[in-house]
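Note: hydrogens, waters and symmetry copies are ignored here, and every other heavy atom, side chains too, is used.
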Amino acid sequence: MADCCCNTLSELEKLRSRQSRTLIVVLVINAVMFLVEFSAGIIASSTSLLADSLDMLGDVFAYGFSLYVVSRSDSWKAAAALFKGGIMAFFGIFVMGQAVYKVLFPVTPRFEWIGTIGLLALVMNAFCLYLLWSHRGDDVNMRSVWLCSRNDIIANTSVLLAAAGVLIFNNQWPDLVVGIGIAFLFLRSAFSVFKDAIAVYSADNKE
């Protein structure tokens with residue numbers, strides 16, 4: 001029995017170690033890509049790039065908090081998921097505000113920047129998703145991290161569509177529509193993460 005318990009603890013520690021290494025890698029990638037994308041969004045006057053960069057920044061905070069709670073209780077992990085959900089909701093509302101501003105003060109963004117940086121972000125996030133794939137069912141903490149990464153792929157693909165739309169129509173609306181779409185994705189994901197986290201937190205407190 002003792003050997004069984006020791007083996008279980010050893011496997012658990014190995015899992016936590018793998019989770020931590022993965023989180024560190026994806027955190028660094030997202031931090032670098034936030035700086036790149038945010039700068040490009042300012043230069044290109046692109047709502048979609050700014051929205052996507054804020055998604056990256058949200059992931060940096062989310063992964064950092066996930067790294068902190070990876071070896072803690074389910075209640076801590078649920079709290080981390082709630083924090084990540086709050087970040088998603090905040091950025092969703094922020095991007096909506098940016099979209100309203102762009103409607104009032106329209107500027108045609110530079111499609112070359114949107115397409116190039118959007119493609120780079122897609123490649124980086126595809127790599128992050130690959131790293132996180134095997135951890136998506138570990139616990140509520142890692143599931144919420146995986147959801148963040150999956151959303152990034154959807155957002156990056158949409159940014160590339162925005163670049164194509166700006167090129168074809170020569171106005172800001174394709175970029176603006178994608179930015180608003182990413183904002184809705186933030187808000188929808190926030191609701192999903194809140195739901196999972198509350199369920200885990202309630203179950204943990206009943207025990």
Open item on the list: Minimum heavy-atom separation for Ala121 and Asn156, please, with both atom names.
Closed with: O-OD1, 3.2 Å
TODO: Using a 4.5 Å cut-off on heavy atoms from C-beta on, say whether the side chain of Glu37 contacts that of Asp55.
DONE: no
Open item on the list: I want to check something: taking the side chain as every heavy atom from C-beta on, are Pro174 and Leu161 in contact at a cut-off of under 4.5 Å?
Closed with: no
Open item on the list: Hydrophobic clusters here meaning ILVMFWY residues chained together by side-chain heavy-atom distances under 4.5 Å, can you tell me if Leu35 and Ile117 are in one?
Closed with: yes
Task: Asn125 and Met56, any side-chain heavy atoms less than 4.5 Å apart - done: yes
Task: Side chain to side chain, Trp173 and Val103, heavy atoms closer than 4.5 Å - done: yes
- [ ] Spell out, yes or no, whether Leu50 and Val100 are grouped together once hydrophobic residues are joined by side-chain heavy atoms under 4.5 Å, including indirect joins.
- [x] no
TODO: Please report the shortest heavy-atom distance between Gln172 and Pro106, naming the atom on each side.
DONE: NE2-CB, 3.2 Å
Task: Cluster check Met33, Leu54: I/L/V/M/F/W/Y, side chain < 4.5 angstrom - done: yes
- [ ] Considering non-hydrogen atoms only, spot the tightest contact between Gly179 and Val95 and give its length.
- [x] O-CG1, 3.2 Å
TODO: Supply the atom-to-atom distance Lys102 NZ to Ser46 OG, rounded to the nearest 0.5 angstrom.
DONE: 6.5 Å
TODO: Starting at CD1 of Ile182, measure out to CG of Asp52 and round the result to the nearest 0.5 Å.
DONE: 5.0 Å
Task: Straight-line distance of Ile153 CD1 to Ser158 OG, nearest 0.5 Å - done: 11.0 Å
Task: Main-chain N/O of Thr47 paired with Asp175 side-chain donor or acceptor, under 3.5 Å - done: yes
Task: Value rounded to 0.5 Å, distance of CZ in Phe105 from OG in Ser45 - done: 14.0 Å
- [ ] Identify the heavy atoms of Leu49 and Ile114 that sit nearest to each other, and give their distance.
- [x] CD1-CA, 3.7 Å
Task: Gap between atom CD1 of Ile24 and atom CD1 of Ile29 - 0.5 Å precision - done: 12.5 Å
Task: For Val178 against Ser48, the heavy-atom pair lying closest together - done: CG1-CB, 3.8 Å
Task: Between Thr108 and Asn171, a side-chain donor and acceptor under 3.5 Å - done: no
Open item on the list: Could you walk me through whether Phe127 and Leu131 satisfy the side chain to side chain contact (heavy atoms under 4.5 Å, CB included) test, starting with their C-alpha distance in whole Å, then the side-chain angles of each, then the deciding distance to 0.1 Å, before giving a yes or no?
Closed with: CA-CA 6 Å; Phe127 179 63; Leu131 294 177; 3.6 Å; yes
- [ ] Would you check if Phe38 and Ile42 make a side-chain contact, meaning some heavy-atom pair closer than 4.5 Å?
- [x] yes
Task: Joint hydrophobic cluster, Leu187 plus Leu57, side-chain heavy atoms closer than 4.5 Å - done: no
TODO: Treating Ile, Leu, Val, Met, Phe, Trp and Tyr as nodes and any side-chain heavy-atom pair under 4.5 angstrom as an edge, say whether Trp133 and Met124 lie in one connected cluster.
DONE: yes
- [ ] Decide yes or no for Asp152 and Leu122: does some side-chain heavy atom of the first lie under 4.5 Å from some side-chain heavy atom of the second?
- [x] no
- [ ] Could you tell me which non-hydrogen atom of Ser53 sits nearest to which non-hydrogen atom of Phe34, and how far apart they are?
- [x] O-CD1, 3.1 Å
